[in-house]
Amino acid sequence: MDEMENLADQISQVGEGGNMDHKTFDAFRTLVYKKSGINLGEHKQALVCARVGKRMRMLGIHEYKDYLQYVSDDDSGEELVKLLDVISTNVTHFFREPKHFEVLESILKQWQAAGQRKYRIWCAASSTGEEPYTIAMTVKEALGEGGGLDVKILATDISTRVLDVARQGMYEDRKLDKVPEAFLRKYFQKGLGRAEGYYLVKKPLRDMLSFGRLNLSIQPFPIHGPLDIIFCRNVMIYFDNHVRGKVLDNMYRLLRPGGYLMVGHAESLTGLVSSFKNMMPSVYVKGAP
């Protein structure tokens, strides 16, 4: 029996009615884990109920069981993407966990002083774009505008909804309170007319970034290395150790010797990063081959 048949069998056993019972919740947990690696804990039932309910109302579906069936019957996979969009949590802001950007600036300056001109950086959980744009600003400040620089930043996320926001690069002024005033003037343009109260990331900064959807639970990643730096912050907390291990193995493979991995300060990777050397809390480096 294949994966979707297993899921269909599980769906057939879930409860009826407008309330999400435990079997229904387990069916959602199974689907989300298999398709994204996100491990929904027992305490997440109310959250799943609320977020899935919003999607169901948009579709005019009244039963959770019917929505599960709708997802499993959608051969295009588009509804699964929509489900993962509403399930995934996206909390971010500019210059979040600022120590990493200080480290990034220091590393880049050292590499530039040693003659490096080509840089490849991957932001693996870009959310609505604040993190990759912060990376881009830090790169600009560290390396300057000198000729011969070749910098590319790849920003990915599992959610198409947040990627749409990131690509636009337009943010309400209240979301820019962590951005230094000098950076705000240098890298953002204040909106006019209907966009009043918003700031748009200026084109030279946007042009440094490429956005794309990527599911970290599916390996190998469709990315060409070698990479210099990977930011994978505050996403592995949603995975179990099996998925975390696979993600880390693939990131190690993509990094060049001497390349860096930065994870969230709250993420414990004890026993999972033996291939990396721990430089400081939440900062790891790939050793020489």
Side-chain angles (χ1 to χ4, degrees), residues 37 95-127 129 131-144 146 148-158 205 208-212 214-237 239 241 243-289:
F95 291 94
R96 184 184 186 187
E97 298 181 350
K99 181 64 177 178
H100 284 149
F101 302 105
E102 296 173 14
V103 172
L104 173 62
E105 183 173 8
S106 176
I107 292 168
L108 291 172
K109 286 181 175 179
Q110 290 175 34
W111 286 346
Q112 186 181 44
Q116 183 170 334
R117 293 293 178 264
K118 179 180 177 181
Y119 303 87
R120 295 293 182 266
I121 301 172
W122 176 25
C123 176
S126 69
S127 187
E131 181 171 299
Y133 286 124
T134 301
I135 293 171
M137 285 186 279
T138 304
V139 170
K140 283 278 195 183
E141 293 298 307
L143 301 180
L149 289 175
D150 178 4
V151 182
K152 292 184 180 178
I153 301 169
L154 173 65
T156 66
D157 201 280
I158 195 172
L205 204 69
M208 294 174 65
L209 275 64
S210 297
F211 291 96
L214 188 143
N215 186 337
L216 289 173
S217 74
I218 299 175
Q219 294 96 20
F221 303 134
I223 296 173
H224 296 294
L227 302 174
D228 295 292
I229 299 172
I230 298 174
F231 278 72
C232 186
R233 306 194 308 165
N234 305 303
V235 63
M236 282 188 282
I237 55 174
F239 300 152
N241 280 348
V243 176
R244 286 182 193 136
K246 293 195 300 180
V247 169
L248 290 167
D249 286 347
N250 275 269
M251 290 184 171
Y252 188 87
R253 175 182 59 83
L254 286 169
L255 279 169
R256 68 167 175 84
Y260 285 81
L261 168 67
M262 301 192 193
V263 302
H265 289 309
E267 294 176 299
S268 174
L269 303 180
T270 304
L272 296 172
V273 287
S274 58
S275 298
F276 287 94
K277 181 180 179 181
N278 188 202
M279 298 300 292
M280 61 184 69
S282 71
V283 178
Y284 300 86
V285 65
K286 178 175 179 176

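Just so we're clear, the structure is a prediction, and the values are computed from it rather than from any experiment.
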Only counting residues at least two apart or in another chain, list the ones meeting side-chain contact (heavy atoms from CB on, under 4.5 Å) with [X].
X      : answer
Val247 : Leu216, Gln219, Phe221, Met236, Phe239, Val243, Met251
Arg256 : Trp111, Gln116, Pro226, Asp228
Glu141 : Phe183, Lys186, Tyr187
Pro222 : Leu214

Exercise: identify the closest heavy-atom pair between [X] and [Y]:
X      : Y      : result
Ala125 : Val235 : CB-CB, 3.9 Å
Ala124 : Trp122 : CA-NE1, 3.4 Å
Ser126 : Asp157 : N-OD2, 3.5 Å
Val283 : Asn278 : O-ND2, 3.1 Å
Cys123 : Ile135 : CB-CD1, 4.0 Å
Leu209 : Pro132 : CD2-CB, 3.5 Å

Exercise for the section: Indicate yes or no for a side-chain donor-acceptor contact from Arg120 to the backbone of Asp150 under 3.5 Å, with no hydrogens or angles considered. Expected result: yes

Problem - Pair Met280-Val103, side chain to side chain contact (heavy atoms under 4.5 Å, CB included): steps then yes or no - result: CA-CA 10 Å; Met280 61 184 69; Val103 172; 3.7 Å; yes

Handout entry: Single hit among Lys99, His100, Glu267 for side chain to side chain donor-acceptor pair (under 3.5 Å) with Ser282
Key = His100

Practice task
Determine, step by step, whether Gln110 and Ser106 satisfy the side chain to side chain donor-acceptor pair (under 3.5 Å) criterion, reporting the C-alpha distance in whole Å, the side-chain angles of both residues, the deciding distance to 0.1 Å, and the verdict.
Solution key: CA-CA 6 Å; Gln110 290 175 34; Ser106 176; 3.2 Å; yes

Exercise for the section: Run the numbers on Phe276 and Tyr252 for side chain to side chain contact (heavy atoms under 4.5 Å, CB included), then give the verdict. Expected result: CA-CA 8 Å; Phe276 287 94; Tyr252 188 87; 3.6 Å; yes

Fill in the blank from the handout: Across all chains, not counting sequence neighbours, the salt bridge (Lys or Arg N to Asp or Glu O under 4.0 Å) partners of Lys246 are none

Handout entry: Partner residues of Glu105 under the salt bridge (Lys or Arg N to Asp or Glu O under 4.0 Å) criterion, sequence neighbours left out
Key = Lys109

Measure the spacing between [atom1] of [X] and [atom2] of [Y] and express it to the nearest 0.5 Å.
X      : Y      : atom1 : atom2 : result
Leu248 : Arg253 : CG    : CZ    : 13.0 Å
Ile107 : Tyr119 : CD1   : OH    : 11.5 Å
Ser217 : Ile158 : OG    : CD1   : 6.0 Å
Leu272 : Tyr284 : CG    : OH    : 9.0 Å
Cys232 : Arg244 : SG    : CZ    : 11.0 Å
Asn250 : Ile218 : CG    : CD1   : 12.0 Å

Handout entry: SB check Arg96 Glu131 (cutoff 4.0 Å)
Key = no

Exercise for the section: Check whether any side-chain heavy atom of Val139 sits under 4.5 Å from a side-chain heavy atom of Met208, and report yes or no. Expected result: yes

Exercise for the section: Decide yes or no for Asn234 and Glu97: does some side-chain heavy atom of the first lie under 4.5 Å from some side-chain heavy atom of the second? Expected result: yes

Handout entry: side-chain contact (heavy atoms from CB on, under 4.5 Å) partner of Ile121, the single match among Ile229, Leu154, Thr138, Leu227
Key = Ile229

Problem - Check against side chain to side chain contact (heavy atoms under 4.5 Å, CB included), Ser210 and Ile153 - result: CA-CA 6 Å; Ser210 297; Ile153 301 169; over 6 Å; no

Exercise for the section: Assess whether side chain to side chain contact (heavy atoms under 4.5 Å, CB included) is satisfied between Lys152 and Lys118, documenting all intermediate values. Expected result: CA-CA 8 Å; Lys152 292 184 180 178; Lys118 179 180 177 181; over 6 Å; no

Exercise for the section: Using the ring of Tyr260 (Phe, Tyr or Trp, six-membered ring only), decide whether Lys286 places NZ or CZ under 6.0 Å from its centre and within 45 degrees of its axis. Expected result: no

